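Letters go in sequence order (proteins before strands), and every chain restarts at 1. Hydrogens, waters and symmetry mates are skipped; everything else that's a heavy atom, side chains included, is used. What you see is a predicted model; the values in this text were computed from it and never measured.
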2 protein chains.
Amino acid sequence: MAKTELKLGMAAKKPRKSRKDRIIEVAEKLFAQRGFNGVSLREITREAGVDVALVKYYFDNKEGLFDALLQRRADILNRERGEALDRVLARNNPAPVEDIIDAFTHPLLNEVVGEDSTWRDYFGLLAQVNNNPEWGGQVMSKYFDPLVRRFIYALKDALPEADMVDIYWCYHFLSGALTLTFADTRRIDSLSGGLCHSADFESVHKRMVPFIAAGFRSICAERAAERAATPSTETSS
Amino acid sequence: MAKTELKLGMAAKKPRKSRKDRIIEVAEKLFAQRGFNGVSLREITREAGVDVALVKYYFDNKEGLFDALLQRRADILNRERGEALDRVLARNNPAPVEDIIDAFTHPLLNEVVGEDSTWRDYFGLLAQVNNNPEWGGQVMSKYFDPLVRRFIYALKDALPEADMVDIYWCYHFLSGALTLTFADTRRIDSLSGGLCHSADFESVHKRMVPFIAAGFRSICAERAAERAATPSTETSS
DNA sequence: GCGATTTTTCAACGATGGTTGAATTCATGA
DNA sequence: TCATGAATTCAACCATCGTTGAAAAATCGC
């Protein structure tokens, strides 16, 4: 009723979001809060102010909506991460580990600062997907593997003495720490008795990058020492 | 029908699991696979071979079943972690960071090796809980905070130059890496092209402990250097 | 203005969800 | 043997779920 009466206001600055976008945005928020099975299409469409049948029209079904929603920001994130890595490698190649890690994590920080909290919902959703034992691995691979491989190779170049197995596992630790941190579960708030705040993303990111980088270096130094002790066996790729 | 005909076999070794236990075990497996809202009580009780109404009788409702299931292994885990920390501190106090981390993570490794795979289900569930933006922080705090605080203080003693804020955030990174790793999402298998295997928990744990320990040390060294540069401002607890 | 296409609404289908009161069976001790 | 309480079953309540075919409305090209 009262939603198209002024399609173009005098300033024409707000193009009145399409129903498709409204569905995606509400679904993103609710999926992040309660998971895929914790939200009904009716709740999503009710809050978005649209008919349920529109989900079928635009996304085929509930899974299609979920996929579209994941893909949308994954594309943005992949582009920003890729560009950040390009800049880092253009400056130094091989680049310092810290710079590579930062290229991977800083885009998340950029998205999440500011008053637009919709990215926080997405990261909360991503943390759940990443940690889902049933289809988490598949889904994350589908959206992020090509780009992650670029980072893996950059890290391997930065740490030539490392085994690829080391790099993969260290990336896994990074992935776990990163997704949990940006999931904003507020666990740390109560654990620390108010000393730390989940929402203080700059503060935690400032610590995360050197933390992860030191972990990478440590494992690779260990491997190098191992190799120096028994220089006969070579297992690098 | 055919489930109580031999209450005590000749060897009397298998006391025929109670219906209550059967419900818990099946629920644990299914919740781990598909999350709290992805499984119905009817599916759980059907697979357990019991009546749906028993859930109300034993656990009041679905949430009660979920709580009971989380509490059961949390108690075991808390005890084993506590004892491991006791042993470490009895040997050295303050203890090396590596030993404290290991006391926190090794119990998970012990549970998960061997043919009894039920602990893997629990850890998969725990990863989802830990990363749930809505109630993950609360639930994890409820079951694990008292013990985690013991570890936090041990870490603070091991790293006297650190701020408590540093310790809390570094623990957060540990928590994210640990839960994702033991969630066994098989992401790393496809990412690494078969070079790494999620189920090879000994291999990954061997890397995780020094990785995390190096992260802790790095952050604290950074803080110490900061303090040395500007020795006037003191913010330690 | 009009036909064609896209977009939106409506109403309903069949299935399944968590929960529950009451009836029934079982175990135990007197 | 029987009464008591615990354990289990049965049947149903009411609400909601995802999905869908077909009609209605809005939009666009001409």
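- One can place CG of A/L54 at 14 Å from P of D/dA26, the figure rounded to the nearest angstrom.
- No cation-pi contact links B/R120 to B/F182, judged by a cut-off of 6.0 Å to the six-membered ring centre and 45° from its axis.
- Here the rule is side-chain contact (heavy atoms from CB on, under 4.5 Å) with A/R73, and of A/Y122, A/F123, A/Y143 only A/Y122 fits it.
- Looking only at atom types and distance, the side chain of A/N37 has no donor-acceptor partner in the side chain of B/N37 under 3.5 Å away.
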Any N/O pairs under 3.5 Å between the protein and nucleotides 11-15 of chain D? List them or say none.
unit_1: D/dA12; atom_1: N6; unit_2: B/R42; atom_2: NH2; d: 2.9

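- Remark: C1' of D/dG18 and CD1 of A/I44 are 11 Å apart, rounded to the nearest angstrom.
- Rounded to whole Å, the distance from CZ on B/R34 to P on C/dT16 is 13 Å.
- With a 6.0 Å cutoff to the six-membered ring centre and a 45° limit on the axis angle, B/R81 counts as a cation-pi contact of B/F104.
- Remark: B/E25 does not engage B/K20 in a salt bridge, criterion side-chain N to carboxylate O under 4.0 Å.
- In summary, the side chains of B/R207 and B/S203 do present a donor paired with an acceptor at a separation below 3.5 Å, with no hydrogens or angles considered.
- Distance B/R46 CZ to D/dC10 P: 15 Å, rounded to the nearest Å.
- When rounded to the nearest whole Å, the span between CG of B/N37 and P of D/dC17 equals 11 Å.
- Residue A/R22 places no side-chain N or O under 4.0 Å from the OP1 or OP2 atom of C/dT8.
- Atom pair A/E43:CD and D/dT19:P shows a separation of 16 Å (rounding to whole Å applied).
- In this structure, B/K56 does not reach the C/dT19 phosphate: none of its side-chain N or O atoms is under 4.0 Å from OP1 or OP2.
- Salt-bridge annotation for B/R19 and B/D51: absent, with no side-chain N of the basic residue lying under 4.0 Å from a carboxylate O of the acidic one.
- Proximity of A/S40 to the phosphate of D/dT16: no side-chain N or O atom is located under 4.0 Å from OP1 or OP2.
- Every side-chain contact (heavy atoms from CB on, under 4.5 Å) that B/L41 has, sequence neighbours left out, goes to B/I44, B/V52, B/V55, B/K62, B/L65.
- Residues from residues 57-67 of chain A lying near DNA chain D, meaning a heavy-atom separation below 4.0 Å, are A/N61, A/K62 in numerical order.
- Salt bridge A/R22/A/E47: absent, no basic N to carboxylate O contact under 4.0 Å.
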